[in-house]
Amino acid sequence: MRHVLVYGDSNSHGSAPLPDLQTRGRYGPTERWPGVMAAALGDGWTVIEEALPGRTTVHPDPVSGLHKNGLMVLPAVLESHAPLDLVILMLGTNDLKARFNVPPVEVAEGVAHLVRLVGQSAAGPDGGPPRVMLIAPPAVDEAGCLAEIFQGATEKSRRLGPHYADIAARHGAAFLDAGALIAPSPVDGVHLAVQDHAKLGAAVADAVLAMEFDGEENNAQRD
């Protein structure tokens, strides 16, 4: 059995597009992309969803709470779920909120901190580190009820992919650019429609199955 941890924000949590700031919805377990991925991977895989709406890479959020800092929480999550064969990271969208005022290169460096933390951990098989897959999130549109919160994020978000690809290459991580596959819903410009969860889940499953674990092709499922 292989164990995969998905560490992300609202788009991995399955938050539905927001018609207003008071309405909250969540897709079901088989609709959100980690569940779609799990179904595509099939028997022999366990997918652990650890996704928090509003989670940043390294920033405590002065509005939504200090616990939104992904760097501070990740060590405990890795220990809780070890041993892990793979950690999938898809974060950075919330770093683009106007309140943080950081450029794309610093969003990417926040993600790099997380990649290094996983790579230096003992949360993988036999006390080694897990493999890492880094996913660049889709670009943000400044639309709907989130437009003011994400003011200026559209242009910045479109520049994340190459930075993330560079980080993945530097750290030996697998890489997937979600923005090449999907786009956020026009309802709020941030969250994904259910059909895009399906597309992303299938694409991530294909990317995982193309990876090698323990020196062997992973589609020979491990007992």
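Owing to the predicted nature of the structure, the values given are computational and were not obtained by experimental measurement. Scope of the values below: all heavy atoms of this structure, side chains included, with no hydrogens, waters or symmetry mates. Counting from 1, the numbers follow the sequence of the chain as shown.
No donor-acceptor distance shorter than 3.5 angstrom exists from the side chain of D9 to the backbone of L52, with no hydrogens or angles considered. Not a single donor-acceptor pair under 3.5 Å links the side chain of R158 to the backbone N or O of A139. Side-chain atoms of D85 come within 3.5 Å of backbone atoms of H3 as a donor-acceptor pair (strictly under, hydrogens ignored). With hydrogens and angles ignored, the 3.5 Å screen pairs a side-chain donor or acceptor of W33 with a backbone N or O of N11.
Partners of F100 according to the ring-ring contact (aromatic ring centres under 6.0 Å, His included) rule, which considers only residues two or more places apart in sequence or in another chain, are H59. Partners of E106 according to the salt bridge (Lys or Arg N to Asp or Glu O under 4.0 Å) rule, which considers only residues two or more places apart in sequence or in another chain, do not exist here. Annotation: side-chain hydrogen bond (donor to acceptor under 3.5 Å, both in side chains) contacts of T56 (sequence neighbours excluded): none. Residues forming a side-chain contact (heavy atoms from CB on, under 4.5 Å) with H163 (at least two apart in sequence, or on another chain): P104, V105, A108. Every residue meeting the salt bridge (Lys or Arg N to Asp or Glu O under 4.0 Å) condition with D166, not counting sequence neighbours, appears here in chain and number order: R170. For N101, the side-chain hydrogen bond (donor to acceptor under 3.5 Å, both in side chains) test picks out no residue, with sequence neighbours left out.
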Checking V4 against I48 for the side-chain contact (heavy atoms from CB on, under 4.5 Å) test, could you report, in this order, the C-alpha distance in whole Å, the side-chain angles of both residues, the deciding distance, and whether it holds? CA-CA 6 Å; V4 180; I48 302 159; over 6 Å; no

Determine, step by step, whether L18 and R24 satisfy the side-chain contact (heavy atoms from CB on, under 4.5 Å) criterion, reporting the C-alpha distance in whole Å, the side-chain angles of both residues, the deciding distance to 0.1 Å, and the verdict. CA-CA 7 Å; L18 306 178; R24 293 289 185 272; 3.8 Å; yes

Hey, mind stepping through V47 and V6 against side-chain contact (heavy atoms from CB on, under 4.5 Å) and telling me if it holds? CA-CA 7 Å; V47 175; V6 174; 4.0 Å; yes

With side-chain contact (heavy atoms from CB on, under 4.5 Å) as the test, would you mind laying out the steps for T57 and E109 before giving the verdict? CA-CA 9 Å; T57 60; E109 285 306 312; over 6 Å; no

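The two residues A183 and P138 make their nearest non-hydrogen contact at CA-CB, 4.5 Å. Residues G189 and P184 come closest through the heavy atom pair O-CG, 3.3 Å. Heavy atoms only, all atoms of each residue included: N94 and R55 are closest at ND2-O, 2.9 Å. The two residues R32 and Y27 make their nearest non-hydrogen contact at NH1-O, 2.7 Å. S15 and H13 get closest at one heavy-atom pair: OG-CD2, 3.3 Å. Between E31 and V36 the shortest heavy-atom distance is O-CG2, 3.7 Å.
For the side chain to side chain donor-acceptor pair (under 3.5 Å) condition, the pairs that include at least one residue of residues 176-194, sequence neighbours left out, are S10-H191, D188-H191. Among residue pairs with one or both ends in residues 111-134, none qualify as ring pair (Phe, Tyr, Trp, His ring centres under 6.0 Å); sequence neighbours excluded. The salt bridge (charged side-chain N to carboxylate O under 4.0 Å, His left out) contacts involving residues 90-103 comprise D61-R99, where partners must be two or more places apart or lie in separate chains.
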For a quick test of your reading: what N or O donor-acceptor pairs under 3.5 Å do the side chains of residues 70-81 make, sequence neighbours left out?
| residue | atom | partner | partner atom | Å |
| --- | --- | --- | --- | --- |
| S80 | OG | A76 | O | 2.8 |

Hey, can you pull the donor-acceptor pairs under 3.5 Å for the side chains in residues 121-133, sequence neighbours left out?
| residue | atom | partner | partner atom | Å |
| --- | --- | --- | --- | --- |
| S121 | OG | V118 | O | 2.8 |
| S121 | OG | A123 | N | 3.3 |
| R131 | NH1 | E212 | O | 2.5 |

Atom pairs and distances, side-chain donor-acceptor, residues 144-155, under 3.5 Å, sequence neighbours left out:
| residue | atom | partner | partner atom | Å |
| --- | --- | --- | --- | --- |
| T154 | OG1 | V140 | O | 3.1 |
| T154 | OG1 | E142 | N | 3.2 |
| T154 | OG1 | E142 | OE2 | 3.0 |
| E155 | OE1 | R159 | NH1 | 3.1 |
| E155 | OE2 | R159 | NH1 | 3.0 |

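To the nearest 0.5 Å, atom CE of residue M37 and atom CG of residue D206 are 11.5 Å apart. Taking CE of M1 as the reference point, atom CH2 of W45 lies at 10.5 Å (rounded to 0.5 Å).
No single ILVMFWY cluster, assembled from side-chain heavy atoms under 4.5 Å apart, contains both I167 and I88. Hydrophobic clustering, with ILVMFWY side chains joined whenever heavy atoms are under 4.5 angstrom apart, groups L86 together with L200. Connection of L84 to V208 is not established within any shared hydrophobic cluster, with ILVMFWY side chains joined at heavy-atom distances below 4.5 Å, either directly or through further cluster members. Hydrophobic cluster membership differs between V87 and I135, with clusters built from Ile, Leu, Val, Met, Phe, Trp and Tyr side chains linked at under 4.5 angstrom. There is no path of hydrophobic side-chain contacts, each under 4.5 Å, that joins V204 to L5.
The shortest side-chain heavy-atom distance between V111 and L134 falls under the 4.5 Å cut-off.
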